[in-house]
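None of these values were measured; they are calculated from a predicted model. Every chain is numbered from 1, with letters handed out A, B, ... down the list of sequences.
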Number of protein chains: 2
Amino acid sequence: MARRSDHSREEIREMALSAAEKIVFEQGYEKLSARKVATAIGYTVGTLYLVFENIDDLILNINARTLDRLHAQMTESPPKPGKAREYLLQLGHVYIRYANEDPHRWAMVFEHRFAEERTIPAWYQEKIARMFAVVEEGIEPLAMGRPREEITQAARAIWGGVHGICILALTDTLGVAGVDSVQELTRSLISNYLKGFTGN
Amino acid sequence: MARRSDHSREEIREMALSAAEKIVFEQGYEKLSARKVATAIGYTVGTLYLVFENIDDLILNINARTLDRLHAQMTESPPKPGKAREYLLQLGHVYIRYANEDPHRWAMVFEHRFAEERTIPAWYQEKIARMFAVVEEGIEPLAMGRPREEITQAARAIWGGVHGICILALTDTLGVAGVDSVQELTRSLISNYLKGFTGN
DNA sequence: CACAACATTGAACAGTGTTCAATATCGAAT
DNA sequence: ATTCGATATTGAACACTGTTCAATGTTGTG
């Protein structure tokens, strides 16, 4: 039996999240299970349920970390004035690279369906909004004098688009082999959209 | 006990697929189970496994139907000469509408992860290729004299993009309410991409 | 040193996919 | 008609899943 106070609740949480991430990375998220995580950190299921409400709660927290890391990478290098196009292309590049580094964990963010009755907490939705905000800021310099509304729409269209390519690539639906082709596709999407958006 | 020869293998298959589709439509695909399907058609699990290899096989066949119906709707009205832009916008419109009519079943096509060792059969991949072909044909008139390669890429970029918007909308990731806004987003994506692609 | 407080366990329950011996049913041959 | 072989159908069994919670182990404090 693991000794009481061997680890604080916070420590157990952390250990569980890391162990779970490792399982998802190595075996995919359908292979994730409460017992596996518990065993991996040297506890039993019961303890896991003391620290997480349920499996959805655990997954939500992994996803939150995934989004955090992605956001960190996206904001690593700030937009340079006069290079808005390049910046947006770079954002796309970062996104694809990130998804490709750990496809299983990335996919979990979008594939896991939470029980319908369970509402996604505000702090989590905030993380998603934050990502769209980065794209919006990137577009802004290219949309001088256009209504906020249009910028928001452009950000959503582009980001949804990049995301879709990424998903289809990862599920082998695109008939595209290799990361490089995916990078090319997103370049095509972003640069052509922007050409159309800015009108030249 | 259901009488032997009450239904042929083919009939049971058909009944099972329909029953399963109904369950997915009404309750979502995570609520789908072999026993539920079997009960719904008045048989037991064992019989289901006589007619389908396993649950993945059943799902694959539902997905095949979903793709067939989508393809049928996409090719319902043929492209009119000189109206390529409108045609592509309409394709996007049809796609979004279709996904929205039965989100659960549509999502299953892209969300269900088949066991890694199991390879997706050629006849199934053909159905996907067929869909991209429709888009490619739609783009062709706008890409006079450009290499095949570029047309293929454009089709993939656009379709991946539409798909991504659709997914994000269905998972409430876009913060977009209602089908209409999604339709607007895809219009934005397609028309701006095409503007960029054709150069005006 | 005892006791209250709490951390941890693991058995139990209802569900899942999957298999396969046992059984029920039928068509054909005698 | 009766029997018999072929096969359609069943349902119990297995190993797994998430989840709960009484029981038990461990600890700090009075």
Below 3.5 Å between N/O atoms, which protein atoms pair up with nucleotides 10-14 of chain C? Just atom names and distances, please.
{"unit_1": "C/dA12", "atom_1": "N6", "unit_2": "A/Arg35", "atom_2": "NH2", "d": "3.3"}

Whole Å only: how far is the [atom1] atom of [X] from the [atom2] atom of [N]?
X	N	atom1	atom2	result
B/Leu50	D/dA8	CG	C1'	7 Å
A/Gln27	D/dC16	CD	P	13 Å
B/Lys31	C/dT16	NZ	C1'	12 Å
B/Lys36	C/dT16	NZ	P	6 Å
B/Tyr29	C/dT16	OH	P	15 Å
A/His7	D/dT26	NE2	C1'	15 Å
A/Ile55	D/dT17	CD1	C1'	9 Å
B/Asn54	C/dT19	CG	C1'	12 Å

Which one, C/dT16, D/dG18, C/dT19, comes nearest to the side chain of B/Tyr49?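 For the B/Tyr49 side chain, the nearest candidate turns out to be C/dT19.
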When you measure from the side chain of A/Tyr43, which nucleotide among D/dT19, D/dT17, C/dT8 comes out closest?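 The answer is C/dT8.
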To the nearest 0.5 Å, what is the distance between OH on A/Tyr193 and CD1 on A/Ile139?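 Taking OH in A/Tyr193 and CD1 in A/Ile139, the distance rounds to 7.0 Å.
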Rounded to the nearest 0.5 Å, what separation is found between the CD atom of B/Gln153 and the CZ atom of B/Arg156?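 Rounded to the nearest 0.5 Å, the CD-CZ separation comes out at 8.5 Å.
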Return no unless some side-chain N or O of A/Arg9 is found under 4.0 Å from OP1 or OP2 of C/dA7.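 For C/dA7, OP1 or OP2 has a side-chain N or O of A/Arg9 closer than 4.0 Å.
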Any salt bridge (charged side-chain N to carboxylate O under 4.0 Å, His left out) pairs touching residues 61-78 of chain B, not counting sequence neighbours?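 Output for this query lists B/Glu14-B/Arg65, B/Glu21-B/Arg65, B/Glu21-B/Arg69, B/Asp68-B/Lys127, B/Asp68-B/Arg130.
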Sugar-phosphate, base or nothing in reach of A/Leu48, heavy atoms under 4.0 Å: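 Contact class for A/Leu48: none.
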Describe the nucleic acid contact of A/Leu58 in one word from base, sugar-phosphate, nothing, applying a heavy-atom distance below 4.0 Å.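 Nothing, no heavy atom under 4.0 Å.
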B/Phe197 six-ring centre to B/Arg146 NZ/CZ under 6.0 Å and within 45° of normal: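 Geometry flag: set, cation within 6.0 Å and 45°.
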Kindly say whether A/Gln183 contributes a backbone atom to a donor-acceptor pair with the side chain of A/Thr186 at under 3.5 angstrom?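 Pair found, side chain donor or acceptor close to backbone of A/Gln183.
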Salt bridge flag under 4.0 Å for residues B/Glu53 and B/Arg118: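 A salt bridge is present here (some side-chain N lies under 4.0 Å from a carboxylate O).
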A/Asn61 side chain reached by A/Arg13 side chain, heavy atoms, under 4.5 Å: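 Touching, per the 4.5 Å side-chain cut-off.
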